[in-house]
Amino acid sequence: MIDVKKKGIAFSEDGYYIVEVSDEEVRFRKARELDILYYLSFISLVPIVLAYAVTFYTWILLLILLPFILYLGYIKVALSRFSPSETCKLYSIEVKRNIVKIHSEAKTFIMQKGKLLSFKLDV
């Protein structure tokens with residue numbers, strides 16, 4: 001077994017979860033607010049693009065970064081203030097290149113290894 005205690009955003013069959021994996025258990029909760037923020041960040045791009053099309057000021061294009069920065073910032077806060085709603089037994093962890101597959105008693109989670117927001121694993 002791999003000695004880890006890491007947090008990350010993972011995908012399961014019914015949506016996104018904030019997941020923490022330790023040696024023997026998986027703790028997780030549904031990340032409903034991430035779905036809302038995801039759509040709001042893309043919807044907010046429409047007025048920015050329209051403002052650029054009307055004014056042709058190039059600095060307006062920098063505003064496109066704002067929704068994505070807010071979205072990534074919220075993910076960092078959600079990971080740091082993690083409070084699980086469910087805990088279950090860890091069966092196995094599969095690692096293929098940069099994809100991590102976590103098999104637990106209740107669900108199977110898929111996440112990408114990364115340094116910024118998700119699972120950092122040294123294998």
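- The minimum heavy-atom distance between Ser44 and Pro67, with the atom names listed, is OG-CG, 3.2 Å.
- By the criterion of side-chain heavy atoms lying less than 4.5 angstrom apart, applied directly or through intervening Ile, Leu, Val, Met, Phe, Trp or Tyr residues, Leu79 is not grouped with Val77; the two fall into different hydrophobic clusters.
- For residues 10-20, the pairs satisfying side-chain hydrogen bond (donor to acceptor under 3.5 Å, both in side chains) are Asp14-Tyr17, Asp14-Lys107, Tyr17-Lys107, Glu20-Arg27, with sequence neighbours left out.
- Lys101 is listed as a side-chain neighbour of Ile110, based on a closest heavy-atom distance under 4.5 Å.
- Ring geometry for Phe56 versus Tyr52: interplanar angle over 60°, hence perpendicular rather than tilted (30 to 60°).
- Transitive grouping of hydrophobic side chains (ILVMFWY, heavy atoms separated by less than 4.5 Å) keeps Leu50 and Val54 in distinct clusters.
- Residues Leu72 and Ile69 fail the side-chain proximity criterion, which asks for heavy atoms closer than 4.5 Å.
- For Tyr38 and Phe68, the ring centers are positioned 6.0 Å apart or more.
- Residue Met111 comes nearest to Ile9 through the heavy atom pair CB-O, 3.5 Å, listed as atom of the first residue, atom of the second, then distance.
- Remark: Lys113 NZ to Arg97 CZ distance equals 11.5 Å, nearest 0.5 Å.
- When side chains are defined from C-beta on, Glu25 does not count as touching Lys89, because their heavy atoms never get closer than 4.5 Å.
- Using a 4.5 Å cut-off between side-chain heavy atoms of Ile, Leu, Val, Met, Phe, Trp and Tyr, with links allowed through other members, Leu37 and Leu70 fall into different hydrophobic clusters.
- In terms of hydrophobic clustering, with Ile, Leu, Val, Met, Phe, Trp and Tyr side chains grouped at heavy-atom distances under 4.5 Å, Leu62 and Val46 are assigned to different clusters.
- The shortest side-chain heavy-atom distance between Thr87 and Val26 does not fall under the 4.5 Å cut-off.
- Atom CD of Glu86 is separated from atom SG of Cys88 by 7.5 Å, given to the nearest 0.5 angstrom.
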Let me see the working for Arg29 and Phe82 under side chain to side chain contact (heavy atoms under 4.5 Å, CB included), right down to the final yes or no. CA-CA 9 Å; Arg29 78 170 172 85; Phe82 174 67; 4.3 Å; yes

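- Phe11 places none of its side-chain heavy atoms less than 4.5 Å from the side chain of Val19.
- To the nearest 0.5 Å, the span separating NZ on Lys6 from CD1 on Ile93 amounts to 11.5 Å.
- You'll find the side chain of Tyr91 stays beyond 4.5 Å of the side chain of Ser104, heavy atoms only.
- The CG atom of Leu40 sits 11.0 Å away from atom CG of Leu45, with the distance rounded to the nearest 0.5 Å.
- Within the 4.5 Å cutoff, no side-chain heavy atoms of Ile102 are placed close to those of Thr108.
- Taken to the nearest 0.5 Å, the OG atom of Ser85 stands 10.0 Å off from the CD1 atom of Ile18.
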For the pair Leu34 and Tyr74, evaluate side chain to side chain contact (heavy atoms under 4.5 Å, CB included) and give the outcome as yes or no after the intermediate values. CA-CA 8 Å; Leu34 290 179; Tyr74 180 80; 3.8 Å; yes

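- If you chain together hydrophobic residues whose side chains sit under 4.5 Å apart, Val49 and Ile43 never meet in one group.
- The minimum heavy-atom distance linking Lys30 with Gly15 is given by the pair NZ-CA, 3.3 Å.
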